[in-house]
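Structure record follows, encoded as structure tokens.
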Amino acid sequence: IHTLGTLLNCVCHLNRVDFGFAVFGGILKRGFKPNTVVFTALIKGLCMDEKINQATKFFENVVEMGYPCNVITYATLIHGLCKIGNTGKALSLLREMESGNTCKPDTAVYNTIIDGLCKIGLMSEAVELVSEMVEKGCLPNVITYGTLISGLCKMGDTDGALALLREMEKEERCKPDAAVYTAIIDGLCRGGSMERAMDLFSEMVEKGCLPDVITYGTLINGHCKMGNTEGALGLLRELEKRRLCPLNVTIYSTIIDRLCKNGSMNEAMSLFSEMSNNGISANVVTFSSLIGGFSTSGQWREVISVFDEMVSQGISPNAITFHILMDGLCKEGMTLEAHKLLEAMIQRGEEPDAFMYNSLINAYCLKGQMDDALRLFDTMEARGLGKDGVTYTALINGYCKCSQIDEAMKLFQGMRQKGLVPD
RNA sequence: AACCGGAAAGUG
């Protein structure tokens, strides 16, 4: 059962929960009694596959049938719920744990929900939960702090994050680690303060905290997003020369994306080759950036060749890849091809998302093809896709451009009636 | 053998 548990965990981590259940079947067939580890791995597999409802049902069945669950089982399911933003259900599971006697929540469980609350912007609820865990005798650890600090940074409150960092430094029990510093460095970069980010980087080194590949990747991204491609490349060369950390696909993809956005496709492709020569495989993000770069410059042959190369490496395009393609076609005014792409996706059994429709609707509006735009608008409704401010703005813009102000006003009212706030 | 925080790609 130990071996099968390991196998099960492996297949679930490969995102093949279907195989996971096959293994589970094998366990039952062989007459082994599945244990908590097995159930937990399966729940995790379902969660990773975004099948949270199934995970919840499975968990309930397991409990009903009297199999033992422990704090890790709960934590796993709670994590899945938080990942899709369902902190309400996560909190009710937490209450269930608190009221029972068998598995009281531990710090990791609280941390998971604190993170979930931060990710949907409920910072004060997150902080509240920290006080609550302390009252209940669960001590916050470095991850608790790291979670809050990351949440504050995502809200743009780097000062608040720095204040928490100073608080940690005073506490012997949880000294800040690389993740904590990196989260704040990232926040500072996003706020446009590269200087302060670099200062904090120096500070962490001075204090004896070793930066890792994510820290360096964050700085490289900071340079890229500020348009400082040279700075990013310079840092990459320094990492190589001084062997500061092993490079990875994220580091390269960050810079490749910048080069693509600069329109420097030759340099992008040469860095892409360099990456594979260094034994690092590209992923869907790397390929999507390249596809975007080539399509913005109308190099459709290259787009196709990159796309083919991606597929030949066994990497499937995702919703973002398709949208990058769609947007490239739309921006070039190739609405006919763009529409074909949408159709092709539907035939492939993919479900185009709102980004897809919004781009194409906008393209039709810019060409004054309001009928086509409206047809898609209705299709979105029929497919249950949320129409947001972007959708309405595109259409309003279209009607304004062809002087149908009354139609534009109607849409504006319709948008407000749907509870959408114009920006 | 199973659980928690930090970096890269998309729409007006």
Side-chain angles (χ1 to χ4, degrees), chain A residues 1-10 12-13 35-44 70-79 82 106-116 118 141-151 153 177-187 189 212-222 224-225 248-258 260-261 283-293 318-328 330 353-362 365 388-397 423:
Chain A
I1 187 70
H2 190 278
T3 312
L4 288 168
T6 308
L7 176 62
L8 210 145
N9 188 38
C10 286
C12 287
H13 274 93
N35 60 21
T36 308
V37 175
V38 165
F39 291 123
T40 306
L42 284 167
I43 288 170
K44 167 121 184 179
N70 61 18
V71 57
I72 301 182
T73 320
Y74 273 97
T76 304
L77 184 58
I78 285 174
H79 186 237
C82 287
D106 59 8
T107 301
V109 171
Y110 282 105
N111 286 347
T112 305
I113 304 181
I114 290 164
D115 184 53
C118 287
N141 58 16
V142 59
I143 297 185
T144 318
Y145 276 99
T147 304
L148 284 177
I149 283 174
S150 154
C153 289
D177 60 9
V180 167
Y181 282 107
T182 303
I184 308 179
I185 288 171
D186 185 52
C189 288
D212 61 15
V213 63
I214 303 185
T215 317
Y216 289 112
T218 303
L219 285 172
I220 286 177
N221 186 43
C224 287
K225 293 300 180 290
N248 66 18
V249 62
T250 300
I251 298 262
Y252 280 102
S253 299
T254 305
I255 308 179
I256 288 172
D257 183 61
R258 181 68 254 170
C260 290
K261 290 196 165 68
N283 62 20
V284 65
V285 176
T286 328
F287 282 112
S288 297
S289 289
L290 290 170
I291 289 170
N318 63 18
I320 300 183
T321 320
F322 281 118
H323 179 257
I324 289 172
L325 258 177
M326 166 69 78
D327 203 48
C330 288
D353 61 14
F355 282 81
M356 282 280 172
Y357 285 95
N358 285 343
S359 288
L360 189 48
I361 286 175
N362 186 50
C365 288
D388 57 10
V390 178
T391 324
Y392 280 97
T393 307
L395 284 162
I396 289 170
N397 188 33
D423 61 7

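In what follows, every chain begins at residue 1, and chains take the letters A, B, ... in the order their sequences are listed.
Judged by distance alone with a 3.5 Å cut-off, no donor-acceptor contact links the side chain of A:Thr112 to the base of B:G5. Checked by distance alone, A:Asn35 brings a side-chain donor or acceptor within 3.5 Å of a matching partner on the base of B:A1. Taking only distance into account, the side chain of A:Asp115 never meets the base of B:G6 through a donor-acceptor pair shorter than 3.5 Å. For A:Thr147 against B:G5, a side-chain-to-base donor-acceptor contact under 3.5 Å is absent. Taking only distance into account, the side chain of A:Asp212 never meets the base of B:A7 through a donor-acceptor pair shorter than 3.5 Å. Remark: the A:Asp177 side chain and the B:G6 base include no donor-acceptor N/O pair separated by less than 3.5 Å.
Under the rule for a ring pair (Phe, Tyr, Trp, His ring centres under 6.0 Å), A:Tyr110 has no partner lying at least two apart in sequence or in another chain. Contacts of A:Phe287 classified as ring pair (Phe, Tyr, Trp, His ring centres under 6.0 Å), with partners at least two apart in sequence or in another chain: A:Phe272.
For A:Ser150, whose side chain is taken as the heavy atoms from C-beta onward, the closest listed nucleotide among B:G6, B:A2, B:A8 is B:G6. Looking at the side chain of A:Thr6, the nearest of the listed nucleotides B:A1, B:U11, B:A8 is B:A1. Of all nucleotides listed (B:C4, B:G12, B:G6), B:C4 comes nearest to the side chain of A:Ile143. If you check B:A9, B:G6, B:C3 against the side chain of A:Ala178, the one that comes closest is B:G6. The side chain of A:Phe355 lies closest to B:U11 when the candidates are B:U11, B:A7, B:G6.
A:Thr321 and A:Ser288 make their closest contact through OG1-OG, 3.0 Å (heavy atoms, listed as atom of the first residue, atom of the second, distance). Here the shortest heavy-atom pairing between A:Gly293 and A:Cys260 reads CA-CB, 3.9 Å.
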